[in-house]
Amino acid sequence: MTIKANHFGARATAMLLAGTMLSGLAHAQTAPAPTVPAPASQTAAPAPQAAAPQAAAPAIAPVPVQLVRTIRSLRVEGAQRLEPETVLSYTRLRTGDTYTNETVDQAIKDLLASELLADVAIEGVETGDLVIRIRENPVINRVIYEGNKRLKQDKISKEVKLAPRQIFTRTAVRADVARIIELYRRQGRFAANVEPKMVSLDQNRVDVVFEITEGPKSKVRQINIIGNEVFSDGKLRGEMATKTASLMHLMSSNTSYDQDRLAYDQQKLRQFYLTEGYADFRVISAVAELTPDKKDFIITYVVEEGPRYKFGPVTVDSAIRDFDDKRLATALSIKEGQWYNAKAVEDTVEQLSETAGAFGYAFADVRPDFQRDREALTMSMNFHIGESNRTYIERIDITGNRQTQDKVIRREFRVAEGDAFNTFLVKRSQDRINSLGYFQDKFEIERKEGSAPDRIVLAANVEERPNGELTLSAGFSSLERFILQASIRQRNFRGMGQTVSASVDYSSYSKSVELGFTEPYLFDTNIALGGTLFRQDYNAFNYIGSDRSTTYSQVATGGQLVAGLPLTEYWTLSARYTLRQDNVTLDKSSFYTNGACDPLKAGRYYCEAVGNRITSLVGVSMIYDSLNSRLRPTRGQRLSVGGDFAGLGGEVRYLRARAEGAKYWNVGSGFIASLTAEGGYIHSLEKRREGSDPVRITDRFYLGEPQFRGFDIRGVGPRVQRIAYTGDALAGTQALITDRDQIIDDALGGKAYYLAKAELEIPLGAGAAEMGLRPSIFVMAGSLFGITRPGKTIEFTQATDSAGKLLFNQDGSPTLLPKDNFIKDASGNQLFVVGSGDHTGSLTTCTVGYSASASAPCVGTSINTIYNVPTAPFLERFVGDSARPRVSVGFGVNWNSPFGPLRIDVAKVLLHEKGDDTKLVTFNVGTQF
């Protein structure tokens, strides 16, 4: 007799495991038991007959007789990798023990439950010589994934338990199928299907293949809200993180279904109602139903709003003697009669905790006590401040700084060991360390209990980030066309907080080399000292048509020393000295005539700027800075007011004043609002020159791209435009050209300017934030103005009629006549055109006859005419010198791209002055912004 069971029957080369179940066959057969004489003790004597007839008793089914045998021998056959002893260890069968058919059946079940075997059969049951024949489960050769595009293999492999050289079991396959499906559900792909297959190989090996059908992401088709009466469905949907799949949310990543997000949305709803005064609000149920095609979800919330509450009496009960309960209650932001707001309660608890911390009570326990009056619909509040000991700083622990020296971090602390604890100073210390930029984002100082109840330990566990920057980049700028940049900068040199930098920039219109060093704590004192050496080559330009034309070149060489001395925690006095040499030149082939700058070609203002000058400048600034971060502030403000005096030696003399300020707010939900403003004025100390401003064109302020979005480079402020005429004045066809691209436009800069900007940074999802995307919307207003009206380059005669009345063209412009331009030779002798003879048309200095040079005698009798090359008339107008604000609005995005920082802005100019150059889209790649 043989009792057997198996998991795997005959297999084809490829076997489909339907769903998550593996096909198999299990059965047991029992041979008929041989006839065995019953023992004497089991032989029943005949029953005596009853004396009287009785009712027939019901028939009783015979109980099966269990045959008990003894195991005479026991062996295992068919084992390949497993030892016989290992196989037997999973059963209770032992040589010499008794057994029954049930014992054998249980042994088969135990062996199959080990998941090591595919087939099990036990022979010799009738003789006691038991043979356990087994076929082991196959070994996995490979695990293959097919059809996975949205989930990479490495992500799936981390979750799946099956691996090469492991034993193949149907339980493991079933579990791994469930894990893969769960991975796809986390991505919102509820239609994903996984079909496992097994490919049999030689040597009892198999390949396991997971055929994956990923399916589309299951979107949220609809969000239903039942029970809301005060607020509309749209208002409540706006408070949720989950969004419905629509064109409005095309770029949102929250349109797919997420079970965790569903729970989060319930919490968001509750928070919203609690801030609006509905203290009894509750979400009765939240159900997400998957459509039959598994493509969409329909989410239904059932809510109960309840009544709206107002604050009742608001009191403070303090067990700390230093506090006056009434004064604290009066200073609270929540007042009796206001609508109940749970967020305001949380803020009040934090406010009281910080107040206690500012007085040295680090572990003050502030607990709000709510007293709800359901009839009056009021919520009375009592804030209880538990008894606490004044706390002192036992020590400051700094860990995690492998490169940065301890003193670099400790000197930013506004408290020291042994000082009384102060929440405000600890928070300020945290902001100062964050502003260094050496460590992880959102660094926080941890507070730990000290060795005694009145002791606290401040722990600064920092994570150093790379502070060295090596940049080799090429980019394209709408300002400077192609850009090549190489720079190296170490912001924490030698771990001492020093900054060392070197940079080289090259583009078609600017070149620069700069070396810099800054020591923030000179000789471990509170004095900062820095220096810079530079060489800058800049080409100013204008546009004539689509061609960019260089106007003047400026080469600046020099250096600057800057020192800073903190006066208080927020106020700093900064002083600077700059020595520079500026050499301004014009292209002689384009703007010179007879070796001198020609105002007709270059303009009087550019000719006056030509020269080599030295500027010796000393300046001072007062700076107020309470920003929580200098790299990317989210709160605080900064104000700087300064003045410069040029004239401590050198040829340039002027006074210049500048002021700038910025304020940042975290307005909630990740939105950062900011207001920035700046302005300046420069006054020359040199003699005034007739027809020109005493402040040189190279020392003036300029405004435009990239500071003022919506305007081109130097696109705002005073400028001179030269507009040529077409046609003939005498024929009555003269008219100004109207094509803006054909107008010569020279920006002159200004002596005064102002610029203000309001901006709102919009938060994005985690994925976009990791990419470094930071979009924003903005509105800007500013102006540049204040220079002396420049004198005209040339005066043209306006034509008159026979009555002497001035003539005007049909477009309203004055009718101008060409200007005589009598040409002389290099020695200043008037040139004439030979009228007749052998040298007709030749130039000479003779009024009669001809001479090849001014020193030779005139020969001949020809009557010569003066050499005149008249200047074609043009209209020169001075525009843009107005203090009236220019206004632009738009949106932009910062992106820390793999190619370097990028900034794109789209700005629409709402207000501008005549002559301003506007620009809709600006972008910069490869340069800092």
Side-chain angles (χ1 to χ4, degrees), residues 393-419 425-448 457-473 485-504 513-534 559-566 569-570 572 574 576 623 625-633 636 638 772 896 900-901 928:
I393 299 173
E394 181 174 346
R395 67 179 186 274
I396 299 174
D397 293 338
I398 300 175
T399 57
N401 53 320
R402 298 182 178 180
Q403 177 187 356
T404 307
Q405 297 184 13
D406 270 18
K407 70 175 184 179
V408 174
I409 303 174
R410 288 187 183 275
R411 65 195 183 193
E412 301 300 330
F413 273 88
R414 303 296 95 182
V415 291
E417 295 171 349
D419 289 352
L425 294 180
V426 171
K427 191 174 185 62
R428 177 60 181 167
S429 303
Q430 181 175 295
D431 290 344
R432 290 180 64 92
I433 295 174
N434 271 319
S435 293
L436 293 175
Y438 305 158
F439 312 112
Q440 75 273 24
D441 292 333
K442 299 180 180 179
F443 161 80
E444 292 185 359
I445 297 175
E446 187 180 355
R447 307 171 189 178
K448 300 180 179 179
V457 175
L458 301 181
N461 184 16
V462 299
E463 297 176 13
E464 292 183 326
R465 62 169 60 169
N467 292 305
E469 301 173 6
L470 175 62
T471 303
L472 299 172
S473 62
Q485 181 185 53
S487 65
I488 184 170
R489 183 172 180 239
Q490 174 59 259
R491 291 185 293 111
N492 189 13
F493 185 59
R494 299 185 301 163
M496 298 178 63
Q498 301 164 337
T499 299
V500 179
S501 63
S503 66
V504 178
V513 177
E514 185 173 300
L515 301 174
F517 176 81
T518 301
E519 168 56 72
Y521 286 82
L522 184 65
F523 306 124
D524 290 330
T525 65
N526 242 2
I527 300 175
L529 182 66
T532 303
L533 297 175
F534 58 86
Q560 184 181 59
L561 287 175
V562 179
L565 175 64
E569 178 61 26
Y570 297 108
T572 300
S574 175
R576 56 192 168 273
I623 303 170
D625 190 346
S626 64
L627 299 178
N628 64 334
S629 173
R630 296 187 184 96
L631 302 178
R632 189 182 171 191
R638 189 178 192 276
N896 294 328
Q928 297 293 328

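We use all heavy atoms of the structure for the numbers below, so side chains are in, but hydrogens, waters and symmetry mates are not.
A heavy-atom distance below 4.5 Å is found between the side chains of I398 and R410. Between Y521 and N526 there is a side-chain heavy-atom pair separated by less than 4.5 Å. F517 is not listed as a side-chain neighbour of T499, based on a closest heavy-atom distance of 4.5 Å or more. Looking at heavy atoms from C-beta onward, V562 lies in side-chain contact with S574 at the 4.5 angstrom threshold. Using a 4.5 Å heavy-atom cutoff, the side chains of I433 and F413 are in contact. R491 is listed as a side-chain neighbour of Y438, based on a closest heavy-atom distance under 4.5 Å.
In this model, no donor atom of one side chain and acceptor atom of the other lie less than 3.5 Å apart for S629 and N434. At a cut-off of 3.5 Å, with distance as the only test, a side-chain donor of N401 or D406 sits close to an acceptor on the other residue. Under the 3.5 Å distance criterion, with hydrogens and angles disregarded, no donor-acceptor pair is assigned to the side chains of Q403 and E464. Side-chain contact, N492 with T404: a donor N or O sits under 3.5 Å from an acceptor N or O.
Residues V426 and I445 approach most closely at O-CD1, 3.8 Å, considering heavy atoms. Closest non-hydrogen pair, R465 versus G437, comes out as CD-O, 3.4 Å. Nearest heavy-atom pair across S501 and R489 is CB-CG, 4.0 Å. Across all non-hydrogen atoms, the minimal contact from A563 to L529 is CB-CD1, 4.1 Å.
Checked options R638, R428, R432; the residue passing with D625 is R638 (criterion: salt bridge (Lys or Arg N to Asp or Glu O under 4.0 Å)).
Interatomic distance, I409 CD1 to F443 CZ, rounded to the nearest 0.5 Å: 7.5 Å. Between the CG atom in L627 and the CZ atom in R632 there is a gap of 14.0 Å [rounded to 0.5 Å]. Taking CZ from R414 and CG from D419, the interatomic distance works out to 11.5 Å, rounded to the nearest 0.5 Å. With rounding to the nearest 0.5 angstrom, the OG atom of S503 is 11.0 Å from the CD1 atom of I488. Between S429 atom OG and E569 atom CD the span is 7.5 Å, to the nearest 0.5 Å. A distance of 12.5 Å separates NZ in K407 from CD in E412, rounded to the nearest 0.5 Å.
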TODO: Check step by step if side chain to side chain contact (heavy atoms under 4.5 Å, CB included) holds for L458 and E446.
DONE: CA-CA 6 Å; L458 301 181; E446 187 180 355; over 6 Å; no

Open item on the list: Using the rule given for side chain to side chain contact (heavy atoms under 4.5 Å, CB included), can you reason through E417 versus E394, listing the C-alpha separation, both sets of side-chain angles and the distance that settles it, and then say yes or no?
Closed with: CA-CA 6 Å; E417 295 171 349; E394 181 174 346; over 6 Å; no

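At most 12 non-hydrogen atoms from other residues, nucleotides or ligands lie less than 6.0 angstrom from CD of E463.
Checking side-chain atoms of R395 against main-chain N and O of V457 turns up no donor-acceptor pair under 3.5 Å.
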